[in-house]
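Structure first, then comments.
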Amino acid sequence: MAEFSLIEVIRERCAVIRDDVRLGIGDDGAVLAVPADHELVVSTDTLVAGVHFPLQTAPFDIGWKALAVNLSDLAAMGANPAWATLALTMPSADAAWVEKFADGFAALASEHHLALVGGDTTRGPLSITITVFGFVPVGMAITRAGAKPGDWICVTGTLGDAAAGLACVQARDDGAHELIGRLNRPTARIVAGLLLRDVASAAIDISDGLLADLGHICARSGVGAELCVDDLPMSPAFGEYADVSTRQRLQLAGGDDYELCFCVAPDRAPALLWNLAQNGCAATRIGQILAGHEIILSDDCGARIEIPQHGWEHFT
Ligand code: ADP
Ligand code: MG
């Protein structure tokens, strides 16, 4: 199948109508209108087959996940998603594969009323690069830089599921549907991100493991942190997976959670957590920001805990 017809397959399946798309797929560039009094938040992520998803991952799930990991970055910025571009590199012009891939992309895109406005289609080892565009009111983007000593550290949802799911896939244990589902179809915490705007002092999405990503907040904010490992939220399925120390390692250093880790001043924290829960995105306090630059781990008795392995680093 020709490149042109593949683009047509994608365009047909990803049709989302938005007034602010003055010109979408089909010309040399898209023409897009940013609403008055808003800023554009832009983020790009690449997924490489065998690196960012197992080779046997279903094409629908690859389409979903490629968009979800990008939406997760917009969520962490407190942005409202609007548009995306898709650079798809694949070994052969496989229309059946592209149909399922586009269906997965479209399922999540339509949930967020996100329009695919352009891209590129090339031949090579399977890799997907998506750029997402979202809006925030001027000056309202959440960054990694505002955490202050005394702030609560919180996370949305549960941690460790996706890393456990990956271990199940690698062990050819296909029975762990919930865990593998969390690996293949992460939830983008867009609603939570919008509620954090104007309240959270800092936020990041957890893609490389809680410790590594909280480390980015600490570095950018010039602070340290204390985490209570017994307070890390876990799903029922994850609670039955492996022993306590394996679970802790996956929760602290496993990747692919795509939950939000955020900091909030103590006087604003309870209302924010209540608001998040009311909106279907429960979050949990897992520690507090400290002065200094270290991340300290303790259990619920206050005893220090050592952990050998930090998050996923692409080039180590
Ligand atoms: P050009 O050669 O001018 O870059 P292309 O032939 O690559 O144009 O693409 C034609 C149109 O299809 C453009 O509007 C481009 O943005 C869009 N497009 C190409 N590949 C994709 C894709 N994978 N997903 C979405 N749109 C795409
Ligand atoms: Mg091109």
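Keep in mind the model is a prediction, meaning the values are calculated, not measured. All residue numbers in this chain count up from 1 along the given sequence.
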Do Phe60 and Trp97 have their ring centres less than 6.0 Å from each other?
->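 Aromatic pair excluded; centres sit 6.0 Å or further apart.
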Out of curiosity, Ile204 CD1 to Phe262 CZ, how far, rounded to the nearest 0.5 Å?
->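 Atom-to-atom, Ile204:CD1 and Phe262:CZ are 14.0 Å apart.
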About how many Å separate OG of Ser221 and CZ of Arg144, when rounded to the nearest 0.5 Å?
-> 10.5 Å
Does Asp231 have any salt bridge (charged side-chain N to carboxylate O under 4.0 Å, His left out) partners at least two apart in sequence or in another chain, and if so, which?
->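 None.
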Shared hydrophobic cluster for Ile190 and Tyr258 (ILVMFWY, side-chain gaps under 4.5 Å) = yes
Heavy-atom count check: over 12 atoms from other residues, nucleotides or ligands less than 6.0 Å from [X] [atom1]?
X	atom1	value
Glu111	CD	yes
Asp37	CG	no
His113	NE2	yes

Any luck finding a side-chain donor-acceptor pair between [X] and [Y] under 3.5 Å?
X	Y	answer
Ser127	Thr89	no
Ser235	Arg182	no
Trp64	Asp103	no
Asp205	Ser207	no

Given side chain to side chain contact (heavy atoms under 4.5 Å, CB included), test Ile153 with Ile289 step by step and report yes or no.
-> CA-CA 7 Å; Ile153 303 169; Ile289 295 292; 3.7 Å; yes
State plainly whether the residues Lys65 and Asp256 are in salt-bridge range, i.e. N to O under 4.0 Å.
-> yes
Taking NZ, NE, NH1 and NH2 as the nitrogens, is one of them in Glu240 or Arg247 under 4.0 Å from a carboxylate oxygen of the other?
->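 Between Arg247 and Glu240 there is no salt bridge, as every charged N stays at least 4.0 Å from the carboxylate O atoms.
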When Leu250, Ile286, Thr284 are each screened for side-chain contact (heavy atoms from CB on, under 4.5 Å) with Leu232, the one that passes is Ile286
Listed once per pair and sorted, the side-chain hydrogen bond (donor to acceptor under 3.5 Å, both in side chains) pairs that draw on residues 163-175, sequence neighbours left out | none
Do any N or O atoms from the side chain of Gln251 and from the backbone of Leu159 form a donor-acceptor pair under 3.5 angstrom?
->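 At least one qualifying donor-acceptor pair exists.
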Whether Asp45 side chain and Asn70 backbone form a donor-acceptor pair below 3.5 Å |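 No, Asp45 side chain to Asn70 backbone: no donor-acceptor pair under 3.5 Å.
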